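Notes follow the structure.
Chain naming here is simple, since letters A, B, ... match the order of the sequence lines and numbering starts at 1 in each. All values derive from a computational prediction rather than experimental measurement.
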Amino acid sequence: MDIKTVGVEPFRCEISASVEQKLSHGVYLTFTVTNLTEHKLQLLSWYTPFEGFLSDLFIIKDHVGELLVYNGMMVKRSSPSIEDYLVFSAKDKVEITLDLTQAYSITPGEYTVQLAPKNWHYLHHEVSLTNQCSTNQLSIKVSK
Amino acid sequence: MKVFLRCIMILVTAVSLHVSAAKPQLDVQVNVANMANGDVNATLTITNNGNGQQKILGWYTDLDEEHIFKIMRDGVEVEFFGPHYKRHAPVEKDFIKLKSGESLSQTFELTSLYDMSEAGNYEVAYDVTSFHLFSNKGQQKKAEKLQSNAAYIYLEGFESKGTTANKGKPGGGTSSDCIGGTCFTGRCSAGQKTELISALGAADQIANSSVSYLNAHSANNTSSRYDTWFGNATSARYNTAVAHFDAINDAIDTKPITFDCSCKKSYFAYVYPNQPYKVYMCNAFWSANELGTDSRAGTIIHELSHFNAVAGTDDVVYGQSGAQSLANSDPDQALNNADSHEYFAENTPNQN
Ligand SMILES: [Zn+2]
């Protein structure tokens, strides 16, 4: 496992994946968010991997640096309701694993992957705050 | 902007028929009404006129479950777009029980499920046949039937009256699912089609105003409208804004846009950026105003900007305050953010 981390208050975001993966099995990436604070925080799941592919979540480049086209949907929403927030108790860690082949046309080859930078919204004692949660690059070798 | 010169008339016809079969004394009535927005509503009323309790298989009382209406246009049966389910044998709980004198009544919108796009005289009747219509006890020897007499309605059909948003598009008005080059999938009702054509006209209007603004200004001569949504202008950034709005405007004026009405989620809308020019409209779109902040027109601008063939924007932040701070903190990302384009085009509250 190759894990790259960028610490950002109040959350830490990590992406991890097996370096060598088989296309026929799917290309999996695990996204982990840790609440670094001693408080309960609620993270808006919109535009994060926690809601799956409802936006272009990752920057994936092939071996010549060409960006892969996102094949999934992009959803415009109205205002969030409480069910759209993910609850993190103090020091809590939540992870999700996604199959990148569901949203990107991956063929055998070498890729670099990183989380697309987005502003994330979270609630602390009902106060809405924003934060950028970005990760470093990860390399994945995909074989047939 | 009104596209349809449809008469605003409400026609109501009621016909009832006593079912000839001796056993189920169910009386079926169909009323048909042409609504102001172009929808056609059919109200089905089934009454138990017998002395005892009567049963009827529930899915034959619901247009969302079964093809319960037979609709003819000038004597020719029209196509039904609704679902055809493969059913299990009915069990007791699938039957609706009506006490003596009791009736059930429900209204269904017809134009989203039947092809009622052509002008003509339409005849609508409840007409179902099933081996288990009234009972699940044993195998019936003969199929049971329940019918109403026909209700009649004249519809003017959909014809393009030539809007600026539809000029010069390929295939204008030739298919029954298209109106002047704008097409519909996912069972849009007649009323929804009218509202979409109108919203596209409003989107055209705000796209034109955006292009005019950008033509009248330049990188070293912006004003509060540009600065609020896209921040500090360099000539490269300004040219990006110009290219994006030219492409959005071009898509509205010349590309075959398809609207899909099947989404029932709370979203405004969604697209697949690599599948131009199909836009899926969801619940929040239908409750939005035509113009103004987060309006129908603005939503269309937002969604068109996502197509890789148009401006290839992302959703970097959402909402007005998020877009405003993005313009200050990262003008390059503002030009990559769909909401920033939407709010610039909506220009609400108005800025010069
Ligand atoms: Zn969007």
With a 3.5 Å cut-off and no angle check, do the side chains of [X] and [Y] form a donor-acceptor pair?
| X | Y | value |
| --- | --- | --- |
| A:N71 | B:N274 | yes |
| A:H121 | A:N131 | no |
| B:E346 | B:S295 | yes |

To the nearest 0.5 Å, tell me how far A:K76 NZ sits from B:F285 CZ.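 The distance works out to 11.0 Å.
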
Nearest 0.5 angstrom please: B:C188 SG to B:D177 CG, how far?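 The distance works out to 9.0 Å.
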
Heavy-atom cut-off 4.5 Å, strictly under: side chain, backbone, both or neither for [X] against chain B?
| X | answer |
| --- | --- |
| A:L44 | side chain |
| A:S78 | both |
| A:W46 | side chain |
| A:V75 | both |
| A:Y47 | side chain |

Under 4.5 Å from a heavy atom of chain A, the part of [X] involved:
| X | value |
| --- | --- |
| B:N308 | side chain |
| B:N337 | neither |
| B:A284 | side chain |
| B:T313 | backbone |

Tell me whether A:D84 is salt-bridged to A:R77, with the criterion being a basic N under 4.0 Å from an acidic carboxylate O. no

With a 4.0 Å cut-off, would you call B:D314 and A:K118 a salt bridge?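 Looking at B:D314 and A:K118, the cut-off is met.
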
Max heavy-atom pair count under 4.5 Å with chain A, selected residue of B:T299, B:V271, B:V316: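 Counting heavy-atom pairs under 4.5 Å, the top option is B:V271.
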
Interface residue of largest heavy-atom contact number with chain A, from B:H302, B:E303, B:E342, under 4.5 Å: B:H302

Taking all heavy atoms of B:M281 and all of B:F259, pick out the closest pair and write down the distance.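 So the minimum-distance heavy-atom pair works out to SD-CD2, 3.5 Å.
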
